[in-house]
There are 2 protein chains.
Amino acid sequence: MRLDRVGGANYLCCMAATNEDTIASRISRILADRIITGQLEPGAKLRQDHIAEEFGASHVPVREAFRRLEAQGLAVSEPRRGVRVASFDLKEVREVAQMRASLEVLALRHAAPHLTASILDRAEEATVAGDNSSDVRSWEEANRRFHRLLLAPCDMPRLLAAIDDLHAVSARFLFSAWRSDWEVRTDHDHRAILGFLRQGKVDNALAVLERHVQWIGQKPVRSASGSLREAFAIVG
Amino acid sequence: MRLDRVGGANYLCCMAATNEDTIASRISRILADRIITGQLEPGAKLRQDHIAEEFGASHVPVREAFRRLEAQGLAVSEPRRGVRVASFDLKEVREVAQMRASLEVLALRHAAPHLTASILDRAEEATVAGDNSSDVRSWEEANRRFHRLLLAPCDMPRLLAAIDDLHAVSARFLFSAWRSDWEVRTDHDHRAILGFLRQGKVDNALAVLERHVQWIGQKPVRSASGSLREAFAIVG
DNA sequence: TAAATTCATATTATCTATAATTTTGGCGCG
DNA sequence: CGCGCCAAAATTATAGATAATATGAATTTA
């Protein structure tokens with residue numbers, strides 16, 4: 001029995017408010033975390049019996065979890081052939097980056113009038129936390145906190161949910177490239193955005209944000225199989 | 001036995017390419033259609049036993065269909081209290097309109113270089129079909145065809161899927177306001193967009209599209225319960 | 001002999017049927 | 001009028017049956 005491994009779903013802290021009770025949502029959350037962090041590699045088969053056994057549950061809640069992952073774009077399901085972890089390529093990374101840019105700009109434009117000094121201070125703390133983080137996971141968490149803090153006051157729940165989903169996919173790319181080795185970097189864009197917002201120069205902040213989100217880092221990375229390939233990730 | 005009522009899912013013709021085989025996807029498609037067209041009113045409870053019985057199926061595929069509807073934003077599920085048709089208000093209509101504006105502009109910007117004369121001609125046919133349609137359903141279908149034709153060449157599958165989902169929600173608003181009575185209108189925006197695209201003036205086309213999608217019509221409408229209320233719908 | 005096809009087996013997804021928890025609604029009682 | 005308990009209904013999960021798919025050996029064909 002390896003039930004003790006089950007507890008660790010650290011990525012998604014604040015999900016869609018609904019369902020926190022049911023087994024299906026638990027499974028879906030944990031599987032999403034494994035896919036995002038790269039524990040489950042792209043293309044890996046998700047066999048419902050095995051997963052059901054691991055969680056000490058039956059296949060039905062597992063299937064429901066699959067449908068959720070499918071809708072999030074983290075898994076793909078072929079009708080009677082089962083479910084696999086969704087794969088991705090550079091084209092999709094770019095696509096997600098541009099969607100994020102569009103939607104985050106929209107969100108920030110609506111959030112800007114409601115931003116308070118306190119929020120901006122907390123966003124700055126998140127930036128500092130990101131600069132000081134020693135691994136990808138904590139950096140990603142800080143980065144997501146920064147964006148969420150600035151965008152949440154737009155008060156558009158569906159928009160925020162869509163952005164969250166895109167963030168998850170971005171994070172997946174990020175983990176895939178920088179899982180093991182991680183170099184500390186200082187985030188000048190975040191500070192620039194905060195600076196403009198403090199001066200009330202919303203349009204400037206929007207422009208920086210739009211560029212920032214679309215910035216895609218590249219680096220060579222040694223894959224699990226040992227071969228060297230080019231990796232990429234949205235870094236904003 | 002009322003199994004003959006089951007066949008009519010006319011709204012979503014071209015879904016996400018996956019699953020066309022399984023019972024769960026069938027149920028989800030048909031329920032989505034009923035929600036969008038207003039056959040199922042906002043807030044209505046979706047009881048899995050009844051639905052299972054209607055489709056001559058069991059609870060399990062129904063539950064899977066629920067998870068999909070939930071992800072599409074057409075239904076909301078409270079953990080052990082069941083699933084209801086998602087309700088909506090003017091605020092959400094505006095939100096969806098703005099999201100559509102952002103994403104459709106992004107899509108058209110990428111699609112524009114790949115638009116051919118043949119595509120533009122077919123889009124014009126769709127516009128004519130819309131102007132000549134005598135009921136909401138056919139108008140909506142023509143309108144969606146117009147947008148899809150122009151945006152599809154962007155070759156960004158995730159973006160197109162997101163836009164499709166938003167279109168479904170928009171259509172829901174539309175049906176809610178204009179279900180019974182429908183006045184013919186000529187769509188000047190569509191023609192303006194086509195004109196600019198034919199002249200290669202992409203930026204102008206983008207500007208019209210952005211305004212067009214956010215145009216929200218309002219009219220008083222008599223609800224099922226007989227009371228008079230103000231309705232609204234994205235018309236673009 | 002090698003390639004391809006067929007057939008049998010085993011694995012897996014899908015669905016039905018049934019049991020256990022939880023919510024809901026009503027009824028009596030304070 | 002409000003509160004708590006009991007019954008009915010609905011959701012959630014489990015276990016078992018069915019159908020489809022993948023795998024591999026055996027047979028046929030070039």
Side-chain angles (χ1 to χ4, degrees), chain A residues 1 3 6-7 9 15-31 34-35 40-41 43-71 74-87, chain B residues 1-3 6-7 9 15-31 34-35 40-71 74-87:
Chain A
M1 287 300 176
L3 281 180
V6 162
M15 192 80 202
T18 83
N19 308 351
E20 208 52 44
D21 190 4
T22 141
I23 294 187
S25 70
R26 215 175 92 86
I27 295 178
S28 119
R29 222 172 47 244
I30 294 174
L31 288 183
R34 290 188 191 163
I35 295 174
L40 285 171
E41 292 202 1
K45 291 186 66 172
L46 299 176
R47 272 170 299 223
Q48 56 181 345
D49 306 6
H50 298 188
I51 296 175
E53 192 190 11
E54 177 190 347
F55 286 89
S58 176
H59 6 260
V60 179
V62 176
R63 303 189 108 264
E64 291 183 39
F66 283 173
R67 295 291 94 83
R68 191 112 123 230
L69 295 174
E70 203 183 343
L74 294 175
V76 293
S77 143
E78 290 180 279
R80 290 202 161 252
R81 297 183 158 189
V83 176
R84 310 181 81 96
V85 176
S87 55
Chain B
M1 285 299 178
R2 51 198 178 296
L3 281 181
V6 162
M15 192 81 203
T18 84
N19 308 353
E20 207 52 40
D21 190 4
T22 144
I23 293 186
S25 70
R26 215 176 92 87
I27 295 178
S28 119
R29 224 173 44 246
I30 293 174
L31 289 183
R34 291 189 191 163
I35 295 175
L40 286 170
E41 291 202 1
K45 289 186 69 171
L46 298 176
R47 272 170 299 224
Q48 55 181 337
D49 311 9
H50 299 187
I51 296 174
E53 192 191 10
E54 177 189 349
F55 286 88
S58 176
H59 321 156
V60 178
V62 176
R63 303 189 107 261
E64 290 185 39
F66 283 173
R67 294 292 92 83
R68 192 117 120 224
L69 296 173
E70 203 184 342
L74 294 175
V76 293
S77 142
E78 291 180 277
R80 293 201 163 249
R81 299 186 155 185
V83 177
R84 312 180 82 96
V85 177
S87 55

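What you are looking at is a predicted structure, and each value in this text was computed from that prediction instead of being measured. Just so we're on the same page: letters track the sequence lines, and every chain starts at 1.
In this model, the phosphate group of C/dC15 is approached by a side-chain N or O of B/Thr22 to a distance below 4.0 Å at OP1 or OP2. OP1 or OP2 of D/dA10 has at least one side-chain nitrogen or oxygen of B/His50 nearer than 4.0 Å. A sub-4.0 Å separation between OP1 or OP2 of C/dT14 and a side-chain N or O of A/Arg80 is absent.
Between B/Lys45 and B/Val60, the residue anchored closer to the 5' end of DNA chain C is B/Val60, taking for each the nucleotide with the nearest heavy atom.
Note that OG of B/Ser28 and CD1 of B/Ile23 are 13.0 Å apart. Values are rounded to the nearest 0.5 Å.
Set against D/dT12, D/dT14, C/dC15, the side chain of A/Ala57 has D/dT14 as its closest nucleotide. Nearest nucleotide to the A/Gln48 side chain, out of C/dT14, D/dT12, C/dA17: C/dT14. Each of C/dC15, D/dA13, D/dA10 was ranked by its minimum atom distance to the side chain of B/His59; first place goes to D/dA13. Of the candidate nucleotides C/dT14, C/dT12, C/dC15, C/dT14 has the atom lying nearest to any side-chain atom of A/Arg63. The nucleotide whose nearest atom lies closest to any side-chain atom of A/Ser58 is, among C/dT12, D/dT14, C/dT16, D/dT14. When distances are taken from the side chain of B/Arg81 to each of D/dA15, C/dT24, C/dT22, the shortest belongs to C/dT24.
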- Message: Please determine whether side-chain contact (heavy atoms from CB on, under 4.5 Å) holds for the pair A/Leu46 and A/Leu40, giving the CA-CA distance in whole Å, both sets of side-chain angles, and the decisive distance to 0.1 Å.
- Response: CA-CA 9 Å; A/Leu46 299 176; A/Leu40 285 171; 3.9 Å; yes
Return all side-chain donor-acceptor pairs below 3.5 angstrom for residues 59-66 of chain B, not counting sequence neighbours, or 'none' if the list is empty.
residue	atom	partner	partner atom	Å
B/Arg63	NE	B/Gln48	OE1	3.3
B/Arg63	NH1	A/Glu64	OE1	2.8
B/Arg63	NH1	A/Glu64	OE2	2.4
B/Glu64	OE1	A/Arg63	NH1	2.8
B/Glu64	OE1	A/Arg67	NH1	2.5
B/Glu64	OE2	A/Arg63	NH1	2.4

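A straight line from CD of B/Glu78 to C1' of D/dA10 spans 14 Å, rounded to a whole angstrom.
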